[in-house]
Amino acid sequence: MNCFEWLTRSSDYLDGTLTGSKKEDADTHLDSCSGCSEHYQHYRLILTSISSQPRSSLPIELRKAPFSATLPRLELSLNKSRWEQVPWYLRTAFEATGIVLLVLAGVSLGPKIRSVYEQKFEKNLSDFSQIFTESSQPETPLSRPNSSDSMNSIAVQRPSDEFGGEGEDEELSNIEEKSPNPGENPAESTDVKVGNSDIWRFILKTDSPQDVRPKITAMLKAFLSNSDSQQIEGINAPGGIQFDLLVPQGAVSKLKQQLFELAPPPPDGLADTPAGETFTWYKIKSKRKIESGKARVVIWISQI
Amino acid sequence: MLLTLNPSSKLMSKSSENPDQGPGQGQSNGSASHTFSPNPGQVTPAAAGRSLEELIECYGDMIFDLCESVLWSSQNAQLAFRLIAKDLKKRRKWNIFKNYERTWVLRVTYKNLLLFAEKHARRPTPFEKIELDANQNISVRLNHFNEYFHRLCLDDQILLLLKDKYGLPYPEISSAMNISEGSLKIRRQQALRTLEEWLWDQQ
């Protein structure tokens with residue numbers, strides 16, 4: 001008999017039910033194997049401990065009246081936490097209240113957190129845009145207008161009428177005032193209301209932008225006493241020339257009238273169509289704060 | 001006459017003399033003893049029709065002691081005993097073990113005790129387990145044998161108690177626990193091996 005066989009028969013051996021040659025084999029193995037002998041001693045000790053446990057008698061009152069005797073309260077097991085020992089109806093109420101409060105807090109705080117995140121994101125974006133434009137300007141001074149708001153610049157290059165009007169920008173949706181219908185003289189409405197934080201965009205279509213450029217520069221010099229010469233002379237951009245500067249609010253209407261006069265007549269056959277409009281304008285609100293009493297004017301001279 | 005549960009070496013020796021005499025074999029003894037005898041071969045036959053009071057008188061001590069040993073609490077043992085007594089009263093008419101009353105009582109006791117113990121049995125907490133395992137001295141560990149014993153699963157505890165504390169034969173335990181005799185022997189061996197590992201092998 002080897003150790004494995006002894007272990008499989010150890011239960012019978014302990015009970016004394018192993019008889020005959022098997023018992024002799026087991027005895028022989030125990031004499032020769034110290035490990036199994038040690039196991040045997042341990043098992044004997046364990047069985048003795050179990051059989052020598054004290055025994056309790058049924059309490060007399062429970063014996064006499066098993067169903068009516070007063071019993072002690074249920075002793076809660078020690079492996080239960082204090083929270084588990086709280087009655088279920090209180091626990092459920094607390095948990096339900098907690099879940100409801102959590103949901104309400106999430107619903108109320110969600111939009112606030114989102115707005116804070118968006119503000120931070122926009123700030124980072126505008127800072128980056130400012131740094132980018134400032135750093136790229138000396139190298140490519142004519143590739144981009146010197147504007148602090150790059151989005152506005154893009155909007156200027158893509159007016160809805162000029163490029164088919166697909167996918168209007170967010171800023172274009174804020175247009176407060178538009179140029180009149182084709183054929184209508186914008187100069188007639190000279191009483192223009194110019195508010196704070198206005199960006200006026202004038203689009204002039206001509207077949208010779210370079211010829212119109214000095215005229216506009218001269219016009220602007222009349223309104224502006226001391227301004228950046230680069231801004232007054234305009235910036236070459238792909239597809240045209242752009243002027244972007246701050247002018248007094250009172251000068252906007254005069255500027256509009258003079259630009260209308262500079263605009264060439266519409267091409268033949270396109271007089272009453274949007275494509276034949278050589279001068280258009282619109283006004284939007286600036287997201288950035290503009291100096292009080294001033295309005296931002298962006299003039300775009302487009303090549304027909 | 002109340003049953004007497006005296007643990008002694010006699011119990012082991014008696015069980016070794018006539019160990020596996022099951023309910024079927026015990027019938028031939030013709031003993032009509034109403035007491036719970038530690039002699040595993042002495043099975044009480046033909047006890048159907050006895051009143052609940054007589055059943056409690058006969059097996060009450062064994063049931064209560066088994067409950068207290070497993071639940072590790074006298075208070076909870078009283079509650080478990082009442083639960084078992086109610087079930088005995090309810091099932092008395094449908095006793096399918098009419099000829100083997102003790103087996104039937106054990107079966108009802110086992111089922112109810114298992115249900116009750118799953119919810120309310122006291123188990124050593126993790127802190128107690130760490131504290132127990134920290135003891136290096138074997139004699140100290142043996143003094144805390146109860147704590148180690150209650151770390152066993154409920155089935156193993158009941159099996160060891162029925163077999164080695166009360167000296168019941170395997171066929172009777174097998175009928176009560178609805179486990180085959182071979183499985184009972186293996187489980188007992190594994191339980192002993194587990195206890196041995198806890199008590200000795202960690203040193």
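This structure is a prediction, so every number in the text was calculated from the model and none was measured. Chain naming here is simple, since letters A, B, ... match the order of the sequence lines and numbering starts at 1 in each. All heavy atoms count here, side chains included; hydrogens, waters and symmetry mates do not.
A salt bridge links D12(A) with K185(B): the distance from a Lys NZ or Arg NE/NH1/NH2 to an Asp or Glu carboxylate oxygen falls below 4.0 Å.
Shown here is F67(A), whose CZ atom has more than 12 heavy atoms of other residues, nucleotides or ligands within 6.0 Å. Within a 6.0 Å sphere centred on CD1 of I60(A), heavy atoms belonging to other residues, nucleotides or ligands number 12 at most.
In this structure, F64(B) and S56(A) have side chains that are in contact, with non-hydrogen atoms separated by less than 4.5 Å. Looking at heavy atoms from C-beta onward, I46(A) lies out of side-chain contact with F149(B) at the 4.5 angstrom threshold. Contact annotation: the side chain of D15(A) approaches that of Y170(B) to within less than 4.5 Å [non-hydrogen atoms, C-beta and beyond]. Annotation: side chain of H42(A) is not in contact with side chain of L199(B) (no heavy-atom distance under 4.5 Å). Within the 4.5 Å cutoff, the side chain of L45(A) has heavy atoms near those of the W200(B) side chain.
Between chain A and the residues R82(B), Q78(B), K86(B), the most heavy-atom pairs under 4.5 angstrom are made by R82(B). Per-residue counts of heavy-atom pairs under 4.5 Å with chain A were compared for I186(B), L160(B), L71(B); the largest is that of L160(B).
With rounding to the nearest 0.5 angstrom, the CZ atom of F145(B) is 9.5 Å from the OG1 atom of T48(A). Interatomic distance, CG of L195(B) versus CD1 of I50(A), reported as 6.0 Å (0.5 Å rounding).
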Residue pair Q53(A), L161(B): steps toward the side chain to side chain contact (heavy atoms under 4.5 Å, CB included) verdict: CA-CA 10 Å; Q53(A) 281 180 355; L161(B) 288 168; 3.7 Å; yes

Test log, rule side chain to side chain contact (heavy atoms under 4.5 Å, CB included), inputs E53(B) and K64(A): CA-CA 8 Å; E53(B) 289 72 23; K64(A) 285 180 179 172; over 6 Å; no

Candidate pair R55(A) and M62(B), rule side chain to side chain contact (heavy atoms under 4.5 Å, CB included), full reasoning: CA-CA 9 Å; R55(A) 305 193 181 203; M62(B) 180 194 67; over 6 Å; no

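Remark: E118(B) engages no residue in a salt bridge (charged side-chain N to carboxylate O under 4.0 Å, His left out) (not counting sequence neighbours). Under the salt bridge (charged side-chain N to carboxylate O under 4.0 Å, His left out) criterion, R187(B) pairs with D155(B), D156(B), sequence neighbours left out.
Tested against S11(A) for a side chain to side chain donor-acceptor pair (under 3.5 Å), the candidates R188(B), Q189(B), Q190(B) yield a single pass: R188(B).
Interface remark: F81(B) contributes side-chain atoms only to the contact with chain A (heavy atom separation under 4.5 Å). Looking at L7(A), the atoms closer than 4.5 Å to chain B (heavy atoms on both sides) sit in the backbone and in the side chain alike. Interface remark: I63(B) contributes no atoms to any contact with chain A (heavy atom separation under 4.5 Å).
D164(B) places no side-chain N or O within donor-acceptor distance of the main-chain N or O of S51(A), the cut-off being under 3.5 Å.
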